[in-house]
Engineer: 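Encoded as structure tokens, here's the structure I'll be asking about.
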Amino acid sequence: MTRPDDHSRPLAGAPERPSGGIAARALAARGGPAAMREANYLANLNPEQRAAVETTEGPVLVLAGAGTGKTRVLTTRIAHILASRLAYPSQILAVTFTNKAAREMKTRIGLFVGAEVEGMPWLGTFHSIGVKMLRRHAELVGLKTNFTILDTDDQIRLMKQLIQAENLDDKRWPARTFANMVDGWKNKGLKPEEIPEGDARAFANGKGRQLYAAYQERLKSLNAADFGDLLMHPIAIFRAHPDVLADYHRRFRYILVDEYQDTNVAQYLWLRLLAQRSRRTGDDTDEPINVCCVGDDDQSIYGWRGAEVDNILRFEKDFPGAAVIRLERNYRSTAHILGAASHLIAHNEDRLGKTLFTDAGIEPDHEKVEVNAAWDSEEEARAIGEEIEQLQRRGHKLNDMAILVRASFQMREFEDRFVTMGLNYRVIGGPRFYERLEIRDALAYFRCTVQPADDLAFERIVNTPKRGLGDTTVRLLHDHARAKGIPLMAAAAEIAATEELKSKPRRALDDLTKNFARWASLLANTKHTDLAEMILEESGYTEMWQNDRSAEAPGRLDNLKELIRSMEPYDSLPGFLEHVALVMDAEQNADLDAVSIMTLHSAKGLEFETVFLPGWEEGLFPHQRSLDEGGRSGLEEERRLAYVGITRAKQRAKLWFVSNRRIHGLWQSTIPSRFLDELPEDHVEVKEANSSYGGYGRGGMGGYGASRWDADAFSTTSYQTPGWKRAQAARAAETRPDTAWGSRSGHKERAISYGDQGVSGSDVRRSNRETDLAAKADRYARMSEERAQGGSGTAMPSNGFAGRLERSGRGVYEPASGGGRGSNRPPSRGLGLNAAARDGGPREIEGTLVAKSVATEESRFKVGDRVFHLKFGNGSVAAVEGNKLTIDFDRAGQKRVLEGFLQDA
DNA sequence: GAGGTGTTCCTTTTT
DNA sequence: GGAACACCTC
């Protein structure tokens, strides 16, 4: 591993800027050398970090690799600015993406400078700072200062109304899809009149633009803003009102941005407006722009929601003369883990290039990155569960272990397993507290109390609990409200005072509106928690759940109590609601020792002693959809995700892949991820999948291969082990495309080709186990033979990338029976056909094509033949209909399967 | 208006 | 397989 010594080299050809020079001068001018000497917080920094902290003047880009002390640099930098009296706390704008990051920064700066953090009003997330600015200038975009912030759910309901108002089929044009589109536009900073023509046409027969504009109008009339607006509006304000912008220019002396690689266009525009100026202060000198962005292009994993890596790649152009500082000295992981991660990420082309290194050498007790194989996802969960217990027995804390999955459906298997085992776990980033139904209902009540004009909140709870105020009544309210230009609540009150409704709904409306009026009158002089409780009681909401017999009702009641409790720290109901709108997460209890389960995405920024990375299979990871929709850049983002995953580990990274996984309810055979191929041999140990042979399934814990985790088993296996060979063999089988996820075929083909392989009885997997295991060895042997004939399946790091990409471009899977065209068909043709069907063609065509190819063939099996099936083992043919066969399996019972999955026994 | 049944979808997710 | 949603019936 090389150790770059020029830690502040520019990105590309830009003149080197003397790092520290200006800073030193500034320091001398303002704080004097004494400030430097006293600054013992600098002593703990390495030279690169120190440069990042001390280069206070002018634009700075800090490329901070995983585990190189990014947060430390950011916080120390702020502390340094404060301690050196370069700026007051209120003159520093520091933005993060998540509340968690903001909180952490606040805490850590507090450790340096004490109470001064309280005075850092401009440290927060993009959105919270956006709200703050917007509340100050709301009238400039036609809002009132007390505008409400809509969450996604409100947003979708609103859009649905608009779509229906246009007489569009809201099934054909779902509000959710439209919400995503609008989100995407806002991420790009585009107003309705600015969206590309193509986008505008794409939705609702060309009504996209019109709907977007109508939506914005609706928001304005509701005095509401969605998340995107929290940045869009400030941008519009800055552009239209230079005086406002100039005011912020005067205010902020330093701007710091965390996770710069994740910024989207809107955030970028917002930042640039704030940061790009010749600062004209009273003394009329142009000072340089002191913007400091910290990020890691290798950890950019949010492209799919609008993040533009390009922002970080382009930093020097945007801010000429920028100092670029690379942090490459890693303090987190062992050399094996770093070696594996670095080698993997080196397969990406679009990167600024960093090489992580560690000062710690390779110690004998450092474990290599492990690659493990399992038969199916159940075994994977079981084996990982047992390994966790082993580690626990050796004294490791569960809190130090994490399972990082690509997709959340993978979590379930682990949860099931851990529940059975009695192993503590916590799921991070599951359904968020404030997104729960009962919480949202309760919040809607509070919103209506605080803000009677909040129509969306009103609609949400007008008939919850049931009050006999159904569609008819609500429509009447709408009409009345619209006709008179008043909010729903007011309309309700008016209508309740007339004879327009029958007595029952009229009475209900009257009660409801009077209740809200009464609660509102209590706002000023009642403790907010008491009031909240009162509202839930008196509205009948609590009672509704008390009377609910369903299993989740008690939990919901608990959540409501928790909600009231979480309001304690706030001083008013409105204050609490503002917080909730921006902070959707709730703290988890950290006292419990538990394994963390989370997605790779939510693992960014975290670290664990031991990290389990299951599901490294083609199609799942890299995810098929990323490949289909993102092409090469999609693949690269997946690879960055893999990089993020591995670099979460301090001591141990354990990768897993399985041969069979159930996807959308169907069992599918899978092949190891190409990313496994891209790992360097030196730092990786391929574990033997001895569960295939051990007494697995004979019940009892450790039933399969207790030796597996013995010290001996950790010894010198490598790429020559049976495990690796099997992996390669399985991969080689890809040349004859017989796996669903490995192919580029769309969903439709998969569903049809594999439809009959689904397991109908839930008992099958268990009863089938022994068969599976015997079959496994068999199957691998077959694969090896095929591999011998079919050329090398090896893809070594240097060339593996290109090879794999090409190979993934295959045609529709065709069952391998009767010498079908599947394997012989030229890839290009297959791909073209697929791509056309997938991208443009009507779905019907796609279905027909495939259905035809599957259905017209005659079976080569006849009743009575003995057959072998990968999942169900051996059996005999009971009936034949075209290529669909009914098989009496020896262990799995009778199944209907596609011929393509059968072989001669 | 409520409750039961059919249909469709299925990556990642913050604010 | 299963959740979420839409539609349909009583």
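Every chain is numbered from 1, with letters handed out A, B, ... down the list of sequences. FYI, side chains are in, hydrogens and waters are out, and symmetry mates aren't considered; it's all heavy atoms of this structure.
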Engineer: Taking the side chain of A/Arg305 as heavy atoms from C-beta outward, which of B/dT12, B/dT15, B/dT13 is closest to it?
Structural biologist: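 Of all the options, the side chain of A/Arg305 is nearest to B/dT13.
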
Engineer: Which sits closer to the 5' end of DNA chain B, A/Leu469 or A/Met598, going by the nucleotide each is nearest to?
Structural biologist: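 Per heavy-atom nearest nucleotide, the more 5' residue is A/Leu469.
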
Engineer: Taking the C1' atom of each, how far is C/dC5 from B/dT12, in whole Å?
Structural biologist: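 23 Å, rounded to whole Å.
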
Engineer: Considering heavy-atom distances to DNA chain B, does A/His601 or A/Gly468 have its closest nucleotide positioned more toward the 5' end?
Structural biologist: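 Going by which nucleotide is closer to the 5' end, it is A/Gly468.
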
Engineer: Nearest whole angstrom, please: distance from the P of C/dG1 to the CE of A/Met411.
Structural biologist: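 Rounded to the whole Å, the gap is 22 Å.
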
Engineer: Would you say the ring centers of A/Phe621 and A/Trp616 fall short of 6.0 Å from each other?
Structural biologist: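 Yes, close enough.
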
Engineer: Take atom CG of A/Leu437 and atom C1' of C/dC5, then tell me their distance rounded to the nearest Å.
Structural biologist: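 Answer to the nearest Å: 14 Å.
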
Engineer: Assess the pair A/Trp270 and A/Phe126: is the distance between their ring centroids shorter than 6.0 Å?
Structural biologist: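 Yes, the ring of A/Trp270 comes within the 6.0 Å limit of the ring of A/Phe126, centre to centre.
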
Engineer: Between A/Leu404 (CG) and B/dT13 (P), how many Å, whole number?
Structural biologist: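 Taking CG of A/Leu404 and P of B/dT13, I get 12 Å after rounding.
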
Engineer: Does the aromatic ring of A/Trp304 sit over the six-membered base ring of B/dT12, closer than 5.5 Å centre to centre and tilted less than 30°?
Structural biologist: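 So yes, this residue stacks on that base, both cut-offs being met.
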
Engineer: Picking from B/dT13, C/dG1, B/dT15, which would you name as closest to the side chain of A/Ser602?
Structural biologist: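 The nucleotide sitting nearest to the side chain is B/dT13.
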
Engineer: Output the rounded distance in Å from NE2 (A/His664) to P (C/dG2).
Structural biologist: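 To the nearest whole Å, that distance equals 15 Å.
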
Engineer: Testing A/Glu378, A/Glu413, A/Glu380 one by one against A/Arg661 for a side chain to side chain donor-acceptor pair (under 3.5 Å), which residue passes?
Structural biologist: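 The passing option is A/Glu380.
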
Engineer: So which nucleotide from C/dA3, B/dT12, B/dG1 ends up closest to the side chain of A/Arg412?
Structural biologist: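 Of all the options, the side chain of A/Arg412 is nearest to C/dA3.
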
Engineer: Check the angle between the aromatic planes of A/His127 and A/Phe227 and answer parallel, tilted or perpendicular using the 30° and 60° thresholds.
Structural biologist: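 Plane angle over 60°, so perpendicular.
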
